[in-house]
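Since the model is a prediction, treat every value here as computed from it, not as a measurement. Computed from heavy atoms alone, side chains included, the values below leave out hydrogens, waters and symmetry copies.
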Amino acid sequence: MRAVLLLLAGVLGLRCAAPSPPRGAARAGSALSAVSSPAPTAKVLRVRVYADVDHRARSLHWERGVAGWLQRASGSVRGPLGVTFELESTRAWERRGSDGPLEPVLAALEEVDAGEDVDLVVGLVAAPATFSGAQHELGFARVLGRHCVLRGLGGELPVESRQRLEVAVLLHEWAHTLGAPHVRDGRGWMSPKYDAGQTGFDARTLALLGAGLRHLPGARVELEAQKAWARELRAAVEAMTGPAWEGPERDFLLEWTERVRASGVVLGPEGTPRSLAPLERQRLAEVIALEKAGRPDVAAEALEPLAVRHPQNERVQLLACYLAVHLTPGLDATRERCERAIARFPREPSLRMNVALLHLHAGRFDEARDSLVAARTNLEARADVEPAQWADLAALFLRAHCVTWAEETAARARGLAASEAVLEQAARLRRQVALPALSDGGTSVVEPAREGALVRAVSDVEALLHAGASGPARERIAALARAYPASPSVTLLQCELHLLQGRLGSARTACERVLAVREDAVQAHLLLAVLATNTRAHGRARKHLERVIALEPSRTEAWHLLAREYRGTRQLKTLQARYREQFARDLP
């Protein structure tokens with residue numbers, strides 16, 4: 001076994017970091033000058049190193065060797081690239097298990113430490129049970145990432161050979177994080193397999209690494225810097241022609257640079273928007289806690305940096321839209337923010353509901369209705385929806401005066417107090433404006449999409465009538481009669497207009513027509529009671545007023561009119577007792 005290890009050490013023994021230039025170095029230098037003209041400038045890269053439980057158990061005093069290891073690596077790249085690796089810290093990593101592929105180990109390291117305050121995060125795991133010279137067995141890094149994991153090397157190797165191999169493995173994986181692909185000619189550190197003949201990076205890889213060093217770390221978090229890096233990286237990759245560079249890695253780099261060129265957000269190493277780092281996830285949790293504690297203004301301020309850096313993170317953008325809607329609903333910037341979020345996450349119902357709130361706040365009821373219909377479609381497309389979401393949507397439909405849709409949506413969350421409240425309020429609104437339900441059938445039923453406009457028109461015309469503007473009110477009623485023929489809501493307005501004009505017979509006929517369609521039309525009962533009082537039909541007036549109180553006990557004007565009708569009778573005391581029970585005060 002010892003003989004085998006010695007033979008292996010001879011095969012893997014690498015020349016010193018920067019010995020006398022090998023043959024062909026002059027040609028490599030001229031090739032480099034053709035690809036990368038800028039001279040290297042000194043750059044210090046801060047490195048944080050983690051060691052897992054198995055590595056620490058097998059490598060006593062491992063921290064002492066890390067600084068020397070980085071010094072040796074620095075000596076290999078200081079000349080051609082101007083790079084010096086500086087140890088930021090060494091840390092224990094509480095994970096076990098050294099066998100198996102390294103990619104899941106890398107993902108675990110990324111989860112532990114996002115590394116945004118250093119240039120490279122290295123995770124050390126224990127040496128493999130059997131040694132292999134294959135790159136993916138000794139180390140792993142994500143192309144264009146910030147992390148790499150390296151396996152320890154067996155102590156049986158001679159110290160000098162092991163140290164040289166450690167440098168080669170580290171620089172290979174570090175180069176991947178700057179975008180360097182494998183070079184399949186076997187002569188440089190980017191070969192997929194290590195051997196004693198490797199002497200450094202080839203000229204084109206040096207050009208590519210130089211591009212990364214000029215733009216990082218800013219290019220990982222700033223869009224314009226990333227675009228500039230992508231342009232230079234693409235030029236370097238396009239210069240890598242020939243069988244040594246062909247393969248999926250080169251194709252990936254070209255595709256990534258194209259995505260960056262077309263993207264409006266910073267992309268991560270996989271070509272997708274950057275995910276939240278652990279510290280950012282902690283900040284998001286703090287923002288949510290602030291909002292729940294009733295401090296939405298502080299929450300919005302704390303969230304804004306995350307919202308800017310992660311425009312493609314659905315949870316962040318949903319919360320940013322929600323906070324903006326509740327803090328600054330009148331700003332155009334709030335609507336633009338939420339609409340951008342909808343464009344990115346078109347299937348998210350809460351965004352549509354928040355935009356509907358903005359439209360309602362601005363009085364854009366038709367736009368609010370359309371947003372709510374889209375939100376309903378999104379909810380219906382989901383397999384599992386919380387009942388509270390249906391209740392929230394129902395309340396918004398009601399605020400937009402879409403009574404039927406509010407009732408239908410609330411019925412999906414029966415039993416919730418919020419849903420029952422919507423159903424109760426919808427029933428009151430139907431009684432108030434004499435709006436028939438779909439179940440009533442007949443020609444008087446209004447399409448759900450047109451209900452909101454009718455309900456608002458009824459309210460507007462009643463305001464005109466109460467202000468004494470009978471002329472404009474008459475014109476509006478005529479237009480409504482054409483738009484909503486046979487609608488009892490329009491007939492109710494005609495009843496009130498006739499009453500104000502002193503046309504008592506026409507008013508009575510119109511209100512009775514309303515009750516023929518909706519017997520619970522409370523306003524029609526009240527108007528008929530006024531007519532009956534004016535014509536001294538006291539029995540009829542009392543009947544209509546009692547019906548008003550039964551339907552809407554809060555209508556105090558009905559109580560007052562009824563008290564006048566019961567004046568001088570025994571029923572007055574009974575009415576006064578009922579009023580006291582209803583309102584906890586005496587009837588005036």
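Counting heavy-atom neighbours within 6.0 Å of R456 CZ, excluding the residue itself, gives a total above 12. Under a cut-off of 6.0 angstrom, the local environment of CZ in R382 is crowded, with over 12 non-hydrogen atoms contributed by other residues, nucleotides or ligands. Atom CZ of R412 has more than 12 heavy atoms from other residues, nucleotides or ligands within 6.0 Å. Atom CD of E386 has 12 or fewer heavy atoms from other residues, nucleotides or ligands within 6.0 Å. By the 6.0 Å contact criterion, CD on E380 is enclosed, its count of non-hydrogen atoms from other residues, nucleotides or ligands being greater than 12. Counting non-hydrogen atoms of other residues, nucleotides and ligands closer than 6.0 Å to CZ of R347 gives a total of 12 or fewer. Other residues, nucleotides and ligands place more than 12 heavy atoms under 6.0 Å from the CD atom of E512.
With salt bridges taken as basic N to acidic carboxylate O contacts below 4.0 Å, none links E255 and R234. A salt bridge between R450 and D366 is absent, with no side-chain N of the basic residue lying under 4.0 Å from a carboxylate O of the acidic one. Between D117 and R48 there is a salt bridge, since at least one side-chain N of the basic residue sits less than 4.0 Å from a carboxylate O of the acidic one. Using a cut-off of 4.0 Å between Lys/Arg side-chain N and Asp/Glu carboxylate O, R309 and E116 are scored as salt-bridged. Taking the charged nitrogens against the carboxylate oxygens, E420 and R414 do have a contact shorter than 4.0 Å, which makes a salt bridge. We find that R283 and E286 are joined by a salt bridge, their nearest charged nitrogen and carboxylate oxygen being less than 4.0 Å apart. A salt bridge links E546 with R578: the distance from a Lys NZ or Arg NE/NH1/NH2 to an Asp or Glu carboxylate oxygen falls below 4.0 Å. The pair E314-R344 does not meet the salt-bridge criterion, since no charged nitrogen lies less than 4.0 angstrom from a carboxylate oxygen.
Counting only N and O atoms by type, the side chains of R231 and Q226 include no donor and acceptor under 3.5 Å apart. Looking only at atom types and distance, the side chain of E280 has a donor-acceptor partner in the side chain of H310 under 3.5 Å away. No side-chain N or O of Y579 forms a donor-acceptor pair with one of D586 less than 3.5 Å apart. Side-chain contact annotation: T533 with R542, donor-acceptor N/O pair under 3.5 Å absent.
Geometric assessment of R95 against the ring of W93 yields a positive cation-pi assignment under the 6.0 Å and 45° thresholds.
Aromatic ring pairs are classed by plane angle as parallel below 30°, tilted from 30° to 60° and perpendicular above 60°; the pair W229 and W256 is perpendicular.
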| field | Candidate pair R399 and Q425, rule side-chain hydrogen bond (donor to acceptor under 3.5 Å, both in side chains), full reasoning | value | CA-CA 10 Å; R399 284 185 60 177; Q425 293 167 20; over 6 Å; no
| said: Would H359 and F365 count as a ring-ring contact (aromatic ring centres under 6.0 Å, His included) here? Give the steps. | reply: CA-CA 6 Å; H359 290 313; F365 291 97; over 10 Å; no
| Verdict with reasoning, D52 to R96, per side chain to side chain contact (heavy atoms under 4.5 Å, CB included) | CA-CA 6 Å; D52 75 354; R96 294 179 179 274; over 6 Å; no
| said: What verdict does the side chain to side chain contact (heavy atoms under 4.5 Å, CB included) test give for R376 and L393, after you've listed the backbone C-alpha separation in whole Å, the side-chain angles of each residue and the deciding distance to 0.1 Å? | reply: CA-CA 8 Å; R376 182 183 62 186; L393 181 60; 3.7 Å; yes
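Considering all non-hydrogen atoms of both residues, H525 and E519 come closest at NE2-O, 2.7 Å. Of all heavy-atom pairs between F583 and S554, the closest is CZ-CA, 4.2 Å. Of all heavy-atom pairs between R337 and A307, the closest is NH2-CB, 4.0 Å.
Within the 4.5 Å cutoff, the side chain of Q523 has heavy atoms near those of the R555 side chain. Put simply, the side chain of P448 reaches to within 4.5 Å of the side chain of L438, judged on heavy atoms. For the pair E451/R430, a side-chain contact is recorded, criterion being any heavy-atom separation below 4.5 Å from C-beta on. Between H560 and R564 the shortest side-chain heavy-atom distance does not fall below 4.5 Å.
With T409 contributing its side chain and A406 its backbone, the two residues share no donor-acceptor pair below 3.5 Å.
Every residue was checked against the side chain to side chain donor-acceptor pair (under 3.5 Å) condition with D332, not counting sequence neighbours, and none meets it.
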Without placing hydrogens or testing angles, list every side-chain donor-acceptor pair under 3.5 Å for residues 491-509, not counting sequence neighbours.
from, atom 1, to, atom 2, distance (Å)
T491, OG1, S487, O, 3.2
E496, OE2, H466, NE2, 3.0
T509, OG1, G505, O, 3.0

